[in-house]
Amino acid sequence: MESNALNIDEKLEPNLPKKPRIEEGCSAEEHGEKPSMSKSQLKKLKKKEYWEKNKRLKRAKEKAAAKEKRKADRVNGVAGPPRRKELKNNSMASSKCKTSVVVDLSFDDKMDKRSIEKCVKQLLRTYSLNRRAENPMQLYFTSLSGESLSEMKKHQGYQNWDVKITDTRYNEMFEKEKIVYLSSESENVLEKLEDDKVYVIGGLVDHNAHKGLCHNLAVQNGINHAQLPIGEYLHMKSRKVLTIDHVFEILLEVSAGASWKDAFLKIIPKRKGVEEKNDISKDNPDCVSNEDSS
Ligand SMILES: C[S@@+](CC[C@H](N)C(=O)[O-])C[C@H]1O[C@@H](n2cnc3c(N)ncnc32)[C@H](O)[C@@H]1O
């Protein structure tokens, strides 16, 4: 049957001499040619080629613009994000924040390859947020082994990062009384962050396939647990389960002095259908509210 599809070389470079026609019964690849494509595939390919060509130029322009902006901000006295040189002074050791956060990476057997990749991406973002903070939290990645470790190894130099990485389990590293396992399923609500406590985030990307897993494990092991106080300040149309990096970002904001409410409003994605509760007593701890008291 005759096909309407265009040969890619003809379309992209119409002046090129025509290549010999592909004989019926043989694929384009067998002739050393690119396979014929539909119009939309061709359009996509052209876009990709254009993007590849202009990518470097665009990046250079963006870099120059960012530099200009930083310069202007400095002149106008606007504080921008910390620069690489400044970050060198912001280490966990010198941080005023002594609150510990653990990401418990003992869930390889509950995740497929793609979820492990996503999990490690969230770890990278968690690390990067902490690294850029004026007062980083004391951050641990525990039980890192197997597939997660292999995925982590793709990121050169991770061994030298300012985060404590270990294959030991968090409950062999810290006193039981100090540990609080964070879980949206917990009936306890976290009120404030305490310096001597260790807050554990489950390193699990499961799209709710293992609902309540971390909570159940904490209960079985007699470990304290608590949920973030989202319901105290916000109505949410979807589940209150957040990603690892979002949970960490909220803890980091609060540890730096933000209110829970401001941290939630800043970090929880709008697509989760977040709406402020108009209960002023939560902003003023001296007032008492009966809302959500059950
Ligand atoms: C994507 S969730 C994993 C959900 C998983 N089904 C579970 O059993 O926890 C990743 C982790 O973020 C933390 N987390 C997410 N939302 C939270 C919330 N609303 N309150 C407290 N911790 C939360 C928990 O530690 C959780 O294990």
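Source: prediction; values computed, not measured. Order of listing sets the numbers, starting from 1, for every ligand and every atom in it.
Every atom of ligand 1 is numbered from 1 in the order shown, and the set under 4.0 Å from a heavy atom of His210 is 6 (N), 8 (O). Interface of Ser183 with ligand 1, defined as ligand atoms under 4.0 Å from a residue heavy atom, comprises 20 (N), 21 (C), 22 (N). Per-residue contacts place Ile230 under 4.0 angstrom from the following atoms of ligand 1 (heavy atoms of the residue considered): 19 (N).
Among Ser184, Gly202, Ala226, the residue whose heavy atom sits closest to atom 26 (C) of ligand 1 is Gly202. Closest to atom 15 (C) of ligand 1 by heavy atom, among Thr243, Leu242, Asn188, is Leu242. Compare Leu213, Asp206, Asn208 by their heavy atoms: the one nearest to atom 6 (N) of ligand 1 is in Asp206. Taking all heavy atoms of Ile268, Leu204, Ile244 into account, the minimum distance to atom 1 (C) of ligand 1 is reached by Leu204.
Nearest non-hydrogen protein atom to atom 19 (N) of ligand 1 is Lys240 O, 2.7 Å. Nearest non-hydrogen protein atom to atom 7 (C) of ligand 1 is Cys214 SG, 3.7 Å. Summary of contacts: the protein heavy atom closest to atom 25 (O) of ligand 1 is Leu182 O, 2.6 Å. The protein heavy-atom contact nearest to atom 20 (N) of ligand 1 is Leu228 N, 3.0 Å.
The shortest non-hydrogen separation linking Leu42 to Met37 is CG-CB, 4.2 Å.
The environment of NZ in Lys47 is sparse: at most 12 heavy-atom neighbours from other residues, nucleotides or ligands sit within 6.0 Å.
A salt bridge links Lys55 with Glu52: at least one charged nitrogen is closer than 4.0 Å to a carboxylate oxygen. Between Glu151 and Lys121, no side-chain nitrogen of the basic residue sits less than 4.0 Å from a carboxylate oxygen of the acidic one, so the salt-bridge criterion is not met. Taking a cutoff of 4.0 Å between a charged side-chain nitrogen and a carboxylate oxygen, Glu117 and Lys113 qualify as a salt bridge. Using a 4.0 Å cut-off between charged nitrogen and carboxylate oxygen, Glu49 and Lys46 do not count as a salt-bridge pair.
Neither the backbone nor the side chain of Ala209 has any atom closer than 4.0 Å to an atom of ligand 1 (non-hydrogen atoms only).
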Asp108 and Ser148: CA distance, side-chain angles, deciding distance, side-chain hydrogen bond (donor to acceptor under 3.5 Å, both in side chains) verdict: CA-CA 7 Å; Asp108 267 20; Ser148 298; 2.4 Å; yes

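Residue Val247 places a heavy atom less than 4.0 Å from ligand 1.
Side-chain rings of Tyr127 and Trp161 approach one another, their centers coming within less than 6.0 Å. Residues Tyr181 and Tyr170 place their aromatic rings such that the two centres sit under 6.0 Å apart.
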